[in-house]
There are 2 protein chains.
Amino acid sequence: MSSKTTHNPVPFDCANCGKRHLSLFKDLTSEEVDELNNVKACTSFKKGQIMMSEGSRPNGVFCIHSGKAKLHRLGQNGKDQIIRFAVNGDLIGYRSLLSEEPLSATVEALEDVHACYIPKQVLFSFLEKNPKFSLNILRMACHELGEAGKLITDIAQKSVRERLAEVLLMLKAQFGLNEETGAIDITLTREEIANMVGTATESVIRLISEFKGDGLIEVKGRNITILDEAQLVRVGKVFD
Amino acid sequence: MSSKTTHNPVPFDCANCGKRHLSLFKDLTSEEVDELNNVKACTSFKKGQIMMSEGSRPNGVFCIHSGKAKLHRLGQNGKDQIIRFAVNGDLIGYRSLLSEEPLSATVEALEDVHACYIPKQVLFSFLEKNPKFSLNILRMACHELGEAGKLITDIAQKSVRERLAEVLLMLKAQFGLNEETGAIDITLTREEIANMVGTATESVIRLISEFKGDGLIEVKGRNITILDEAQLVRVGKVFD
DNA sequence: AGGTGAATGTGACGTTTGTCATGGTTTCTG
DNA sequence: CAGAAACCATGACAAACGTCACATTCACCT
């Protein structure tokens with residue numbers, strides 16, 4: 001009996017995994033859960049580690065159990081673009097697997113990540129045997145497709161200032177607030193924010209100062225607190 | 001026996017529809033094709049007509065038989081953003097149906113369009129009964145998701161000049177060349193091109209003049225011919 | 001076929017944004 | 001805990017781009 005528990009223990013039994021009911025796997029039969037349990041591999045990654053690399057062809061997917069990861073790709077000018085984040089219960093690599101294309105983004109752990117690796121064959125067998133599961137995946141993919149469309153419109157039409165405001169709101173929506181500090185519960189460098197917005201790091205720094213000056217946000221190092229959300233919504237022209 | 005045939009007759013029999021084997025419906029059983037045949041409704045739209053409207057909830061999908069349509073959405077500043085085009089065999093509205101969300105884009109006929117309307121119930125019954133069909137849809141959605149990711153990176157990081165070059169190449173790739181003129185086989189106004197690139201119409205006009213001056217393209221009204229593709233690829237930094 | 005409204009083209013100008021340079025600060029690592 | 005490396009910040013400047021105004025041309029409709 002070890003006296004020390006890890007911070008985020010991965011349950012080795014999928015049947016008891018509290019995350020499953022929230023995830024795409026909620027509609028698996030108990031036999032399928034058993035199968036999943038037998039073949040999945042629990043892994044963990046340290047902050048900064050690469051979980052999957054752009055351009056490679058994965059043989060399975062990761063289901064994130066705890067921790068946060070960023071999906072980013074390298075543009076033609078050497079700049080990184082952060083596409084999205086993956087957290088709790090999110091599936092990683094499924095797009096590439098299902099469209100039979102190389103990975104379109106690199107997945108990097110932003111903090112320590114625990115994740116289960118699910119082999120390609122198992123995923124496909126579920127897809128063939130379980131229409132509900134299939135529909136779950138399809139629904140998710142279609143939802144993400146819609147989100148991507150929104151993003152395209154935003155990036156193409158909005159100014160950097162507007163996009164930054166929107167990104168801050170999005171981060172709050174996705175990661176929530178830190179219990180103690182009330183700040184947005186994710187730590188990103190200015191450069192990473194710039195890579196989300198698609199602008200130069202200096203521009204982000206200047207705009208964050210501006211927002212601070214206007215009383216929209218409060219900044220303590222990498223912790224950002226939203227003070228006037230309504231105004232930030234107006235600045236970012238976020239109306240949906 | 002009518003003496004006059006329409007330009008693009010829609011075959012009322014799906015079994016004989018030459019487009020089917022290229023489309024997502026290629027893996028339907030003959031029974032399913034019969035079913036499709038019985039319930040589908042052939043419709044046509046004139047140039048400029050709206051086939052589906054952003055924000056509404058469709059009760060089925062269109063499968064395009066001939067003609068071209070554009071999918072566009074209205075940004076927060078009143079500017080249109082063209083998301084993509086739909087042609088030959090493309091399915092329209094499936095994203096919204098499958099993700100159970102309102103349509104994220106308006107579909108407008110760019111020329112006369114013939115299309116088959118397939119009710120929601122039929123589509124879903126195929127999805128449940130035919131895993132191959134399901135996988136086809138899933139594969140397509142995942143592919144489009146990858147394309148969307150690429151687009152996001154491009155728009156976020158590239159200059160307007162680079163994006164315009166890329167758009168021209170994309171149009172050529174998607175629509176091919178006109179047999180007679182050798183120009184890109186689609187007619188778009190400068191404003192529509194601007195709405196693809198995400199920039200002001202004037203900027204597009206100026207850049208098109210520049211490209212013409214540099215010998216990259218030839219312009220006759222709305223017909224654009226690519227003269228130096230290799231150089232255009234370099235200008236657009238298109239390397240994949 | 002010809003008029004009319006939309007689309008194209010051009011110039012001037014201001015704003016936004018990117019780039020480069022430099023120095024101070026925080027964070028990480030051994 | 002100290003040194004190194006990454007990160008943050010600010011200024012100056014240039015380039016890219018958007019906007020407005022107006023002239024011209026084209027495409028579409030009856």
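When reading the values below, keep in mind they use all heavy atoms of this one structure, side chains included, and skip hydrogens, waters and symmetry mates. Below, read A as the first sequence line, B as the second, and so on, with proteins coming before strands; counting in each chain starts at 1.
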Can you tell me how far P of dA15(D) sits from CG of Asn77(A), to the nearest Å?
19 Å
In this structure, is the centre-to-centre distance between the rings of Phe62(B) and Phe45(B) below 6.0 Å?
yes
Base, sugar-phosphate, or nothing for Thr199(A), non-hydrogen atoms under 4.0 angstrom?
sugar-phosphate
Describe the nucleic acid contact of Ser209(B) in one word from base, sugar-phosphate, nothing, applying a heavy-atom distance below 4.0 Å.
sugar-phosphate
Side-chain donor/acceptor of Glu202(B) to base of dC20(D), under 3.5 Å
yes
Quickly work out the Lys212(A) NZ to dT10(D) P distance and round it to whole Å.
7 Å
Integer-rounded Å distance: dT8(C) C1' and Ile224(B) CD1
12 Å
What's Lys220(A) touching, base or sugar-phosphate or nothing? Going by heavy atoms closer than 4.0 Å.
nothing
Measure the distance from CD on Glu192(A) to P on dT26(C) and round it to the nearest whole Å.
19 Å
Any salt bridge linking Glu218(B) with Lys212(B)? Criterion: basic side-chain nitrogen under 4.0 Å from a carboxylate oxygen.
no
I want to check one thing: is the phosphate of dT19(C), taken as OP1 and OP2, less than 4.0 Å away from some side-chain N or O of Lys79(A)?
yes
Which nucleotide sits closest to the side chain of Thr189(B): dT17(C), dT8(C), dT19(C)?
dT8(C)
Closest contact, heavy atoms only, Arg95(A) versus Leu103(A)
NH2-C, 4.5 Å
Quickly work out the Leu164(B) CG to dA16(D) P distance and round it to whole Å.
15 Å
Quickly work out the Ile205(A) CD1 to dT22(C) P distance and round it to whole Å.
17 Å
If you take atom types as modelled and just measure distance, does the side chain of Arg206(B) reach the base of dG11(C) with a donor-acceptor pair under 3.5 Å?
yes
Cys42(A) and Lys40(A): which non-hydrogen atoms are nearest, and at how many Å?
SG-CE, 3.3 Å
Side chain of Arg190(A), base of dT27(C): donor and acceptor closer than 3.5 Å?
no
Calculate the interatomic distance between Ile208(B) atom CD1 and dA7(C) atom C1'; express it in whole Å.
12 Å
Could you state the CZ-C1' distance from Arg163(A) to dT16(C), rounded to the nearest angstrom?
11 Å
Taking the basic N atoms (NZ, or NE/NH1/NH2) and the acidic carboxylate oxygens, is any pair closer than 4.0 Å for Arg163(B) and Glu166(B)?
no
NA contact type, Glu191(A), heavy-atom cut-off 4.0 Å: base, sugar-phosphate, or nothing?
sugar-phosphate
Strictly below 4.0 Å: does Ser203(B) bring a side-chain N or O up to OP1 or OP2 of dC17(D)?
no
Out of dC17(D), dA27(D), dC7(D), minimum distance to the side chain of Arg222(A) belongs to dC7(D)
